[in-house]
Amino acid sequence: ALRGMLRGSVILSFTAAAAALRLPAHGSRTASPRMQFGDFKNPFANPRDGATTISLTFSFQCADRGPSSILGQLEELASSADTSTADGFSALCSDTALLLLRRQGQWLACCGSSEHSKDEDVALATFDRLAIREAAKFEDRTPASTIDSALAAAGVSTPAKVPPPTMAVVCVLACLAGDSEERVRKSFSGDGLAARDALEELNAAGKADQEVLALELFWVPGEAEEELDADEIILDWPELMTC
């Protein structure tokens, strides 16, 4: 079922993927002739064959962290997601894509990639590899020691503080049934149109029947006390380029 992880007091990583959440493979498919076209795709191939792994990352500037902010809305999506059914799982993919599409005017930087495989298992293995790589970036963060946190640990209450402005990074990983490489570029950095195409593909897949095979959603910061700056983003996500 759904796995939600709170790493220390710093990063909220919402995960809705891995083997437990992978949907069953599709039914029978029409076999396509094996033909070699160099760098060109087989024009006789069934576009539903195999699966495509898509990775998208965005950065934002957050003036606040209220319920209407990107961070607040991501947390709402995570807490209300129903991944116990295929429809709920697909809805999460669609809703996440729509949320990011509606925030296009707030994207500071973006990057992404897609990789199709004729074998769903190979595509899911690619997804797992990317998920582990991205999770390491989000989980390898430790909370700074502060006077307030020390007082809180000692049971001494302190006046509530307004969370400071911060930058944020959001990453979406998905494995979709079929070949999406015609609609999602294999690799891009700083291309807002390519990012939009990829999000539209995720939205369409989420509204279809069992086309979302795996999905993971990460974002940082996850705690009100944490701040993320441009230097940290450049260090951990050098592929992010202004869009």
Side-chain angles (χ1 to χ4, degrees), residues 2 13-18 21-24 26 46-60 67-117 120 123-124 126-127 130-131 134 168-219 240 243:
L2 178 65
S13 171
F14 171 72
T15 304
L21 285 180
R22 287 177 187 158
L23 302 181
H26 296 284
N46 186 338
R48 289 185 57 82
D49 280 347
T52 305
T53 300
I54 296 175
S55 173
L56 292 170
T57 305
F58 301 88
S59 65
F60 294 85
S68 62
S69 69
I70 183 66
L71 295 174
Q73 291 189 334
L74 284 169
E75 188 163 355
E76 173 62 24
L77 273 182
S79 62
S80 61
D82 176 15
T83 58
S84 62
T85 66
D87 288 344
F89 186 52
S90 296
L92 173 61
C93 181
S94 177
D95 290 345
T96 300
L98 279 176
L99 170 60
L100 293 170
L101 280 169
R102 288 167 179 161
R103 297 275 181 164
Q104 182 175 359
Q106 300 173 18
W107 301 347
L108 295 181
C110 65
C111 64
S113 65
S114 70
E115 182 175 347
H116 172 255
S117 174
E120 280 187 6
L124 287 167
T126 299
F127 172 90
L130 291 175
E134 290 301 322
V169 172
V170 180
C171 178
V172 184
L173 293 177
C175 188
L176 308 181
D179 186 354
S180 298
E181 281 191 357
E182 294 296 329
R183 296 173 295 279
V184 182
R185 285 178 48 184
K186 283 192 173 185
S187 180
F188 63 88
S189 291
D191 189 333
L193 290 178
R196 184 176 183 85
D197 288 343
L199 287 172
E200 289 176 347
E201 185 73 2
L202 293 181
N203 180 42
K207 292 180 177 179
D209 183 24
Q210 295 191 5
E211 293 211 352
V212 183
L213 306 182
L215 176 72
E216 288 211 25
L217 172 60
F218 303 95
W219 70 87
L240 274 172
C243 56

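Please read all numbers here as calculations on a predicted model, not as lab measurements.
- Note that the CG atom of L92 and the CG atom of L77 stand 6.5 Å from one another [nearest 0.5 Å].
- At least one side-chain heavy atom of L215 sits less than 4.5 Å from a side-chain heavy atom of V172.
- V212 and F89 make their closest contact through O-CE2, 3.5 Å (heavy atoms, listed as atom of the first residue, atom of the second, distance).
- With sequence neighbours excluded, the residues forming a side-chain contact (heavy atoms from CB on, under 4.5 Å) with A109 are S59, L240, listed by chain and number.
- In this structure R102 satisfies the side chain to side chain donor-acceptor pair (under 3.5 Å) test with no other residue, sequence neighbours excluded.
- Here the options are E211, E201, H116, the test is side-chain hydrogen bond (donor to acceptor under 3.5 Å, both in side chains), and the partner is S180; only E201 passes.
- To the nearest 0.5 Å, atom CD of residue Q73 and atom CG of residue L99 are 5.0 Å apart.
- Going from atom OG1 of T52 over to atom CD of E182 covers 10.0 Å, rounded to the nearest 0.5 Å.
- With contacts defined as side-chain heavy-atom distances shorter than 4.5 Å, the pair L217/V170 qualifies.
- In this structure, the side chain of W219 does not engage the main chain of E75 through any donor-acceptor pair within 3.5 Å.
- Checked by atom type and distance alone, the side chain of S114 pairs as donor or acceptor with a backbone atom of V184 at under 3.5 Å.
- Residue pairs meeting the salt bridge (Lys or Arg N to Asp or Glu O under 4.0 Å) criterion with at least one member in residues 76-94, sequence neighbours excluded, do not occur.
- Checking D197, L193, L56 one by one against F188, the side-chain contact (heavy atoms from CB on, under 4.5 Å) holds for a single residue, L56.
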### Message
The test is side chain to side chain contact (heavy atoms under 4.5 Å, CB included); show your working for L202 and T96 and say whether it passes.
### Response
CA-CA 9 Å; L202 293 181; T96 300; over 6 Å; no
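- Applying the side chain to side chain donor-acceptor pair (under 3.5 Å) criterion to N203, with sequence neighbours excluded, gives S94.
- Rounding to the nearest 0.5 Å gives a distance of 7.5 Å between SG of C243 and CZ of F58.
- For D191, the side chain to side chain donor-acceptor pair (under 3.5 Å) partners are R185, not counting sequence neighbours.
- How far CD1 of I54 is from SG of C93: 8.5 Å, rounded to the nearest 0.5 Å.
- Between L176 and L213 there is no side-chain heavy-atom pair separated by less than 4.5 Å.
- By the side-chain contact (heavy atoms from CB on, under 4.5 Å) test, E134 is found to be paired with K137, F138, C171, L173, F218, W237, residues two or more places apart in sequence or in another chain being considered.
- In this structure, SG in C175 is found 11.5 Å from CD in E216, a value given to the nearest 0.5 Å.
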#### Entry: Intermediate values then yes/no, side chain to side chain contact (heavy atoms under 4.5 Å, CB included), V169 and T57
CA-CA 7 Å; V169 172; T57 305; 3.7 Å; yes
